[in-house]
Structures are given as structure tokens and as C-alpha cells.
Amino acid sequence: MPRRPNSSRQTRALLGTFLEQSGTWRHGYDLSKETGLRSGTLYPLLMRLSEQGLLEQRWQEAERPGLPPRHVYRLTAAGLALAREQELAAVAAERAGVLA
Amino acid sequence: MKTGRWRQWAAKLAQHSAGVMPGARSPWAEAMRRELDYICDDPAALRWALGCVLASYRTRLAYWSSFSFRITWRYAATSGVLMLLIGLALQDHAGGQTQPPRPALDATVCDPLGVLPENHPGLRCCTAGGRRNVDAPDRREFHQPSAGTQPIVPRLDCADPLTPQISDTMRGR
């Protein structure tokens, strides 16, 4: 049976992090610290989610002078829906595990 | 190792990862590289840069595999379509033909003048050089050079219908 897309532990962790502050633009390094994912894992995930239309990105000017603009990310409506769906599924699975 | 050197290595690695990343993904490589400027801790910056290199190679490999799959698929599809077209064209061209094509002139059998050596061993050089019977030219007979008793009568029954010029000439039309 083929695995559902975007159902890996890393992807779920990333989507969950985005969902905590939905609508907020997030930096790559902050996401890495929050999810515990290294850049080698995080950026391929971000690229894939972006290709699937689940994530939007833009360049944000630096708050402090002398620093370059940063790439920032946030979930699209489709991405938010997927993140909520996965969260509900995770909660349901947790409850089922407790009941069993 | 001094901390400044770690930062230099990190910058070099990030630059390398930007070179490895496929062209279409260069904004992502730039995004990873610029994050380095926001990481104050040098060892953390080096770890970040190593991750950038890993991400770039992963992306590159994925890009190659998808690219080669596309190319292979295109080659296979094009070859298949061409073979199908060639097969259909051959089938149309050979429509209903069940026997091999007949040769235009069966030279081994047809001997209209009856001068082949196997038919007339007395003749030499296999030419139709016999003298016409001048006494009766309308009889279309030839005298054998060896002055034999049998005149050479052209055999007109084996003239090939596919070569009407020869047949007409031989029939005197």
C-alpha cells in the first residue's frame, strides 16, 4: 500500500509548527530550531511543500541594517487545511491508542 | 580551530551548495546561504552550511532522476510511435500480397531466339548472329553458322508480358 504524501514525521512536525502560528511568516533558521530539523532535511521539505502549493514564500527585508533579505514562509489555505487534517488525524490516533 | 575559520568554511560550503543546486532552485540556495548571516554561533553556522550542501545534493539527485526519467520516457514513446507508423505503412504497402514479387524477366528460362548454348550446343558465343534466311525473310528463320539442318526459330511463347517492347518486337508488330 503506498504511503500517503506528506505524512512523514518530519513533514508533520513542520506542518504542526506552521499551524501553531498560522498566518505568520517564518524564517528557515527559526523553523529549524523549533522543529529540530537540520537544514539538510528542512529545505527539501520546504521546496516540496512549496511545489505542491501548500506553502508560499517571499523575501523579507532585514529588520537590522547591513543584513541581507531573508526568505520567509507560511502555509497557504491548502497547506493550512492539510495541517489541520493531519493534526485531527494525529489526535484521533492518540485517542484510539489510549482507549485500546 | 578559530571561530573565524569556522565561519569561513561555512561560507564556502554555502557557496558550494548554491553551485550544486539546479538553476531553477537557485532562490532556495540563496535563501539557505543568507540564513547564515543570521546565525551568530559559528559552529551552528557550519552545521547549517553542511545541511545546505546535503539539501543541495538531495535536490540535485532528485532533479537528475526526474530528468532522466522524462528523457527515457520520451525516447521510448517516440520509438514506439515510429515503429507503429513504420509497421502500419508496411502493412498498407504490402496490402493483400501473399507471394513474393515476380521478376521482370526470367532470364534463365526465357530463350526467345533459342540460341542459348544449353539449347543448341553447336552454337558458339551465344549470340543471335545467325544469318537471316534471305530467300524467305518473312519466315523469320535463322541459319545456324554450322549450317546444320535445323533452322533456328524464335520462340515467342516465353516472351515476358511485363516487357512488352521485347514481346512486340519479337512478334513483329
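Chain letters run A, B, ... following the sequence lines, proteins first, then strands; residues in each count from 1.
Put simply, OG on A/Ser32 and CD1 on B/Ile39 are 7.5 Å apart, with the number rounded to the nearest 0.5 Å. We find the CE-CG distance between B/Met32 and A/Leu42 to be 9.5 Å, quoted to the nearest 0.5 Å. Atom-to-atom distance recorded for A/Arg48:CZ and B/Thr59:OG1 is 11.5 Å, nearest 0.5 angstrom.
For chain B, the nearby part of A/Glu51 is the side chain; its heavy atoms alone come within less than 4.5 Å. With a threshold of 4.5 angstrom between heavy atoms, A/Ser50 approaches chain B through side-chain atoms but not through N, CA, C or O.
Inter-residue side-chain proximity for B/Tyr38 and A/Arg70 is flagged as met; some heavy-atom pair is nearer than 4.5 Å. Counting heavy atoms from C-beta outward, A/His27 and B/Arg34 have side chains that stay 4.5 Å or more apart.
Here the shortest heavy-atom pairing between A/Leu67 and B/Asp37 reads CD2-O, 3.7 Å.
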Going through the distances and angles, do A/Tyr43 and B/Arg58 end up as a side-chain contact (heavy atoms from CB on, under 4.5 Å)? CA-CA 10 Å; A/Tyr43 274 88; B/Arg58 275 182 172 179; over 6 Å; no
After noting the C-alpha distance and the side-chain angles of A/Arg38 and B/Leu54, does the key distance pass the side-chain contact (heavy atoms from CB on, under 4.5 Å) rule? CA-CA 10 Å; A/Arg38 295 181 186 275; B/Leu54 184 65; over 6 Å; no
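Using cut-offs of 30° and 60° on the angle between ring planes, the pair A/Tyr29 and B/Trp48 is perpendicular.
One hydrophobic cluster, built from ILVMFWY side chains closer than 4.5 Å, holds both B/Leu46 and B/Val53.
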